[in-house]
Amino acid sequence: MGSQRLITILFLIFFFHSPSSAMHGKKIKLHHPCKSLVLYFHDIIYNGKNANNATAAIVGAPAWANKTILAGQNHFGDIVIFDDRITLDNNLHSNPVGRAQGFYLYDKKEIFTAWMGFSFVLNSTDYKGTINFSGADPLMNKTRDISVVGGTGDFFMARGIATLMTDAFEGEVYFRLRVDINLYECW
Amino acid sequence: MGSQRLITILFLIFFFHSPSSAMHGKKIKLHHPCKSLVLYFHDIIYNGKNANNATAAIVGAPAWANKTILAGQNHFGDIVIFDDRITLDNNLHSNPVGRAQGFYLYDKKEIFTAWMGFSFVLNSTDYKGTINFSGADPLMNKTRDISVVGGTGDFFMARGIATLMTDAFEGEVYFRLRVDINLYECW
Amino acid sequence: MGSQRLITILFLIFFFHSPSSAMHGKKIKLHHPCKSLVLYFHDIIYNGKNANNATAAIVGAPAWANKTILAGQNHFGDIVIFDDRITLDNNLHSNPVGRAQGFYLYDKKEIFTAWMGFSFVLNSTDYKGTINFSGADPLMNKTRDISVVGGTGDFFMARGIATLMTDAFEGEVYFRLRVDINLYECW
């Protein structure tokens with residue numbers, strides 16, 4: 001094996017092992033997820049009348065609001081805690097594969113925007129483990145990207161991006177979210 | 001050195017530098033932490049009578065509850081803020097090595113489950129820096145895994161898994177948690 | 001090329017590709033960020049009189065406090081939600097490049113300390129995307145490090161450290177924070 005060819009091989013190794021070397025520019029890069037999932041979760045907010053069905057409740061509100069009705073000014077200041085069903089399709093009554101647990105808070109007076117911290121706690125034949133999310137959710141956008149900041153079990157140490165879409169809603173009580181999860185770090 | 005042996009070496013380098021290459025299957029993989037710690041923290045919840053000792057307080061509650069007593073229905077809807085002692089052993093009165101600061105919220109009506117976002121702020125001869133955690137805490141399980149999403153100081157850029165165990169509790173006022181922290185990304 | 005020299009090259013490759021190999025000691029290591037930004041954000045807390053200007057509001061408070069005035073005992077127990085302007089310099093009225101959205105909570109009775117979960121939602125000619133933060137903010141320290149736990153858009157999958165500095169404040173209504181963001185993982 002000549003020096004030339006050796007150097008080529010070494011170069012190739014170096015190149016493939018330095019994914020960040022070409023990353024400081026602004027060109028569009030394609031990254032391929034190491035794992036992808038599509039899941040739905042179903043948020044039913046307590047409104048004073050639906051205690052039996054509700055899976056979420058307002059637990060913090062600004063001085064000018066109460067905790068039975070989402071606040072005026074685009075719900076600015078409301079904190080909602082949830083424990084929602086996760087399903088594989090968009091049917092609330094499908095067999096749940098886990099629970100979405102955590103909170104969101106409405107953080108802007110002019111339009112609907114939220115900030116979320118939550119986990120998918122999955123317990124199905126396909127997946128056992130948790131996926132942890134956090135990020136801004138500008139609800140008026142068709143798709144919103146948040147971060148997958150970690151995971152456990154089948155999602156040990158995972159990182160990635162989750163794209164949220166409001167799949168359906170009924171008044172201010174029922175919200176169905178579709179989540180496209182793309183993991184780019186899998187262990 | 002022959003080509004054969006060279007290729008073997010190159011292969012080995014490649015292999016050891018590609019931890020993710022074998023990670024898309026479902027087989028059990030053993031990962032060795034780059035750093036491990038075991039710490040305890042001590043949560044004393046304000047109950048209307050213990051203002052001097054309390055290190056935590058209910059600051060959000062659902063419409064049907066108040067902030068002096070943990071809510072019915074497995075505390076669903078309560079948000080608790082804490083600033084708890086961290087110790088190296090299970091004794092509340094041991095020399096503290098730092099503070100556990102952040103919040104947890106109870107998110108399920110049927111059983112006890114929580115969601116946590118908090119930091120260990122460590123300031124001892126052994127460690128100076130912070131470890132940041134988030135994740136679901138299904139309290140009824142003996143062990144619960146959450147994510148270490150980052151760190152600063154001695155834990156600069158750390159990632160890993162923290163395993164929580166309820167080590168002791170007294171009524172609904174004192175909770176002692178053991179945390180086994182295993183970092184898998186160390187810088 | 002002799003074996004000796006080849007081994008040296010292989011060693012160097014191995015060395016440069018194993019940043020973690022020397023990381024378990026306590027010596028000081030220098031890491032160079034792959035991207036750095038300095039930004040300011042401006043928090044104007046609702047105090048009962050400034051509804052038009054306020055960008056933040058108390059939405060959770062302990063049993064002994066209300067939501068129009070920050071609580072006694074160093075605001076322990078207050079949760080504040082915000083949607084603050086981000087600017088490139090320290091002038092509130094400069095052209096905003098995005099919004100800082102999320103929450104902070106005061107978590108200690110003896111001194112001012114907070115815990116924060118929030119995002120920078122950037123929308124300027126330079127940057128489009130979000131940066132997600134979480135961590136402890138010991139406000140009395142001149143500089144405080146928190147974690148960048150993820151990002152989207154131009155900050156796809158980013159990780160790093162953000163150093164917070166209180167740049168100015170007026171009473172308990174206006175706070176200006178300078179944030180030095182250093183990313184160490186860029187994609």
Side-chain angles (χ1 to χ4, degrees), chain B residues 1-2 5-6 9-10 12-13 16-17 34-35 46-48 51-52 54-61 66-69 79-84 99-103 117-121 123 126-127 129-134 147-159 185-187, chain C residues 1-4 6-7 10-11 13-14 17-24 26 29 31 58-65 71 73-74 76-79 103 105-111 113-117 132-138 144-150 159-163 184-185:
Chain B
M1 186 183 278
R5 212 167 136 199
L6 174 63
I9 291 173
L10 293 175
L12 286 173
I13 293 169
F16 282 117
H17 283 254
C34 47
K35 193 180 274 185
Y46 176 72
N47 67 353
N52 288 337
T55 62
I58 305 170
V59 303
N66 68 53
K67 289 187 270 195
T68 318
I69 301 169
I79 302 182
V80 177
I81 292 182
F82 59 92
D83 164 47
D84 294 346
R99 306 294 293 197
Q101 299 182 326
F103 73 101
F118 66 103
S119 301
F120 274 10
V121 181
N123 188 8
D126 286 333
Y127 294 114
T130 64
I131 306 173
N132 297 323
F133 305 86
S134 83
S147 292
V148 173
V149 297
T152 68
D154 287 344
F155 305 97
F156 178 80
M157 291 290 287
R159 290 187 76 230
E185 291 186 19
C186 303
W187 284 58
Chain C
M1 187 182 277
S3 291
Q4 194 65 38
L6 174 63
I7 286 164
L10 293 176
F11 175 80
I13 293 168
F14 196 81
H17 282 256
S18 297
S20 67
S21 62
M23 281 175 186
H24 298 196
K26 270 234 148 182
K29 284 161 310 225
H31 295 288
I58 306 170
V59 303
W64 56 83
Q73 296 188 93
N74 295 296
F76 175 75
D78 280 339
I79 302 182
F103 74 102
L105 49 84
Y106 290 95
D107 53 25
K108 196 174 179 74
K109 284 187 276 189
E110 293 78 14
I111 55 165
T113 61
W115 196 91
M116 307 189 79
N132 297 322
F133 305 86
S134 82
D137 180 12
R144 297 90 69 180
D145 286 348
I146 63 172
S147 293
V148 173
V149 297
R159 290 187 76 229
I161 304 286
T163 303
Y184 297 93
E185 290 187 18

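Lettering follows sequence order; numbering is per chain, from 1.
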Exercise. Can you find a pair of side-chain heavy atoms, one from C:D107 and one from B:R99, that are under 4.5 Å apart?
Worked result: no
Seminar exercise, completed: Turns out that what part of B:N132 lies under 4.5 Å from chain C's heavy atoms comes down to side chain
Exercise. Looking at residues at least two apart in the chain, or sitting in another chain, which of them share a side-chain hydrogen bond (donor to acceptor under 3.5 Å, both in side chains) with C:N74?
Worked result: none
Problem set entry | Gap separating the CG atom of C:L105 from the CZ atom of B:F82, nearest 0.5 angstrom | 9.0 Å
For this session: Begin from the C-alpha positions of B:T130 and C:D145 and carry the test side chain to side chain contact (heavy atoms under 4.5 Å, CB included) through to its verdict.
Result: CA-CA 9 Å; B:T130 64; C:D145 286 348; 6.0 Å; no
For this session: Take B:I79 and C:I79 through the test side chain to side chain contact (heavy atoms under 4.5 Å, CB included) and record every step on the way to the result.
Result: CA-CA 10 Å; B:I79 302 182; C:I79 302 182; 4.0 Å; yes
Exercise. So which part of B:T55 gets closer than 4.5 Å to some heavy atom of chain C, the side chain, the backbone, both or neither?
Worked result: backbone
Problem set entry | B:A54 versus chain C, the contacting section by heavy-atom distance below 4.5 Å | both
Exercise. Got a donor-acceptor contact below 3.5 angstrom from the B:T152 side chain to the C:I146 backbone?
Worked result: no
Problem set entry | Distance-minimising heavy-atom pair for B:G151 and C:S147 | N-OG, 3.3 Å
For this session: Identify which part of B:V149 has an atom lying under 4.5 Å from any heavy atom of chain C, answering side chain, backbone, both or neither.
Result: both
Exercise. Under a 4.5 Å heavy-atom cut-off, does chain B meet the side chain of C:F133, its backbone, both or neither?
Worked result: neither
For this session: Look at the rings of C:W115 and B:F103 and say which category their plane angle falls in: under 30° parallel, 30 to 60° tilted, over 60° perpendicular.
Result: perpendicular
Problem set entry | chain C contact via B:A100 - side chain, backbone, both or neither, heavy atoms under 4.5 Å | neither
For this session: Among the options C:G117, C:A63, C:G150, C:A65, pick out the one with the most heavy-atom pairs lying under 4.5 Å from chain B.
Result: C:A63
Exercise. Under the 3.5 angstrom rule, does the side chain of C:K109 hit a backbone N or O of B:A51 as a donor-acceptor pair?
Worked result: yes
For this session: Let me know if C:Q73 has heavy atoms under 4.5 Å from chain B in its side chain, its backbone, both or neither.
Result: neither
For this session: Tell me whether the centres of the aromatic rings in C:F76 and B:Y46 are closer together than 6.0 Å.
Result: no
Exercise. Should the pair C:R159-B:E185 be classified as a salt bridge under the 4.0 Å nitrogen-to-oxygen rule?
Worked result: yes
